[in-house]
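I have placed the structure first, in the form of structure tokens, so that the comments after it can refer back to it.
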Amino acid sequence: MSVTVRVPAKVNVQLAVGGARPDGFHDLANVFLAVGLYDEVTATPADELRITCSGPGADQVPLDRTNLAARAALALAERHGLSAADAGVHLHIDKDIPVAGGMAGGSADAAGALLACDALWGTRASRQELLDICAELGSDVPFSLVGGAALGTGRGERLRPLDVGGDFHWVFAVADGGLSTPAVYREFDRLHEGTEVPEPVASEELLAALAKGDADALAATLTNDLQPAALSLFPSLADTLAAGRAAGALAALVSGSGPTTAFLARDAESAQVVAGALLASGSCRAARVADSPAPGATVIRRAA
């Protein structure tokens, strides 16, 4: 049989970043919102671990054991003592989340692979066990499993679910190029060298805006402490942000570590207008419209 899991992208409506820790990570107050752009991960029995990928940006996805989806499968097999023969699997990733775009596409694939392999192998891992494996794999992976909205603390892996009182409408401008998340954090550290970085704290006003479903209030409170670092490394993103604001977006910010930029729109019609203007501006490669919140990793298909 095969199992297919659909898993969403994310936008950080708040990303508050603390100073570098001794382990090299940063403490975060990271408010995640899952959005309706999805990758699909299909797990099929095979003689050995194999990764394939299709969709936009597939040529940039590693197809060896450095891929987070591969690491997820290996971690689950190891936890449950599966032999190499029992844990053989072909993971096919059908990409629709921008690659290296700051929308957690790799983390989404890891969460999708973990859920798909659990269903395929019948390991029956508990939700907490899956979340523990996700946290070992990366800071964004647990949220990709959970979806919806959540506050991530620690390095982002400790999640508290958040209430969302309505739908929010977004446009995501895909840049012509990528940014490395570690490189953006290094630039953040460079820009803050010699200064005291405050402890990251979630904005109560932003959490209230989410709970009310109030787009105007959310727009007034969106923040991303990594944005100056992303703009420093990728200056042309400033033109994209300006084009979206000029087109009527309520707010604009770099998504996570970038270089995808996110624009909050008042409604679905406004989102289409903003997307069209962004494409016409020539400041981005593509503009994608999506709503939030979206569900986390979900089994959508089982085939014999």
Side-chain angles (χ1 to χ4, degrees), residues 3-15 30-43 53-58 61 67-69 72 91-119 127 130-131 133-135 137-152 156-157 159-164 166-174 181 210 213 218 253 255-258 260-265 268 271 275 286-301:
V3 178
T4 299
V5 171
R6 187 178 72 173
V7 63
K10 61 84 181 168
V11 63
N12 305 95
V13 292
Q14 181 187 3
L15 183 50
N30 193 353
V31 181
F32 295 102
L33 193 57
V35 300
L37 296 176
Y38 301 96
D39 283 359
E40 291 185 4
V41 181
T42 300
C53 187
S54 60
V61 176
N67 187 297
L68 269 180
L91 295 173
H92 179 73
I93 302 167
D94 187 10
K95 294 293 298 180
D96 197 36
I97 301 172
V99 176
M103 298 187 73
S107 296
D109 298 340
L114 190 61
L115 190 60
C117 287
D118 179 59
R127 188 71 162 177
L130 294 176
L131 285 169
I133 297 172
C134 286
L137 293 167
S139 300
D140 290 345
V141 184
F143 179 72
S144 297
L145 185 72
V146 171
L151 169 61
E157 83 284 8
L159 298 178
R160 173 165 70 88
L162 298 173
D163 293 329
V164 182
D167 292 335
F168 294 97
H169 305 277
W170 298 89
V171 180
F172 296 96
V174 182
T181 297
L210 280 177
L218 183 62
L253 80 167
S255 179
S257 59
T260 299
T261 44
F263 302 86
L264 181 61
R288 306 290 307 281
V289 174
D291 294 341
S292 64
T298 305
V299 175
I300 61 167
R301 189 164 53 252

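For the single chain, residues carry numbers from 1 onward in sequence order.
- Using a 4.5 Å cut-off on side-chain heavy atoms (C-beta onward), Leu114 and Cys134 make contact.
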CA sep, side-chain torsions, deciding dist, call: His92, Ser54, side-chain contact (heavy atoms from CB on, under 4.5 Å)
CA-CA 8 Å; His92 179 73; Ser54 60; 3.0 Å; yes

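- Looking only at side-chain heavy atoms (C-beta outward), Ile93 and Asn67 come within less than 4.5 Å of each other.
- Residues Val13 and Phe168 have side chains not in contact (no heavy-atom distance under 4.5 Å, counting atoms from C-beta outward).
- Remark: the backbone N or O of Gly102 is paired with a side-chain donor or acceptor of Lys10 at under 3.5 angstrom.
- Counting heavy atoms from C-beta on, the side chains of Phe32 and Ser292 never come closer than 4.5 Å.
- Counting heavy atoms from C-beta on, the side chains of Trp170 and Leu37 never come closer than 4.5 Å.
- No donor-acceptor pair closer than 3.5 Å links the side chain of Asn30 to the backbone N or O of Gly152.
- The residue from Leu159, Ile133, Leu137 that alone fulfils the side chain to side chain contact (heavy atoms under 4.5 Å, CB included) condition with Pro142 is Leu159.
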Start with the C-alpha distance between Leu115 and Val41, add both sets of side-chain angles, then the distance that settles side-chain contact (heavy atoms from CB on, under 4.5 Å), and finish with yes or no.
CA-CA 9 Å; Leu115 190 60; Val41 181; over 6 Å; no

For the pair Asp94 and Thr4, evaluate side-chain contact (heavy atoms from CB on, under 4.5 Å) and give the outcome as yes or no after the intermediate values.
CA-CA 10 Å; Asp94 187 10; Thr4 299; over 6 Å; no

Can you list the steps and then say if Leu91 with Cys117 is a side-chain contact (heavy atoms from CB on, under 4.5 Å)?
CA-CA 9 Å; Leu91 295 173; Cys117 287; 3.9 Å; yes

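- Checked options Leu162, Val35, Asp167; the residue passing with Pro293 is Asp167 (criterion: side chain to side chain contact (heavy atoms under 4.5 Å, CB included)).
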What verdict does the side chain to side chain donor-acceptor pair (under 3.5 Å) test give for Thr260 and Ser255, after you've listed the backbone C-alpha separation in whole Å, the side-chain angles of each residue and the deciding distance to 0.1 Å?
CA-CA 6 Å; Thr260 299; Ser255 179; over 6 Å; no

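- Checked against salt bridge (Lys or Arg N to Asp or Glu O under 4.0 Å), Asp96 has the following partners two or more places apart in sequence or in another chain: Arg288.
- Residues Val31 and Leu210 have side chains in contact (heavy-atom distance under 4.5 Å, counting atoms from C-beta outward).
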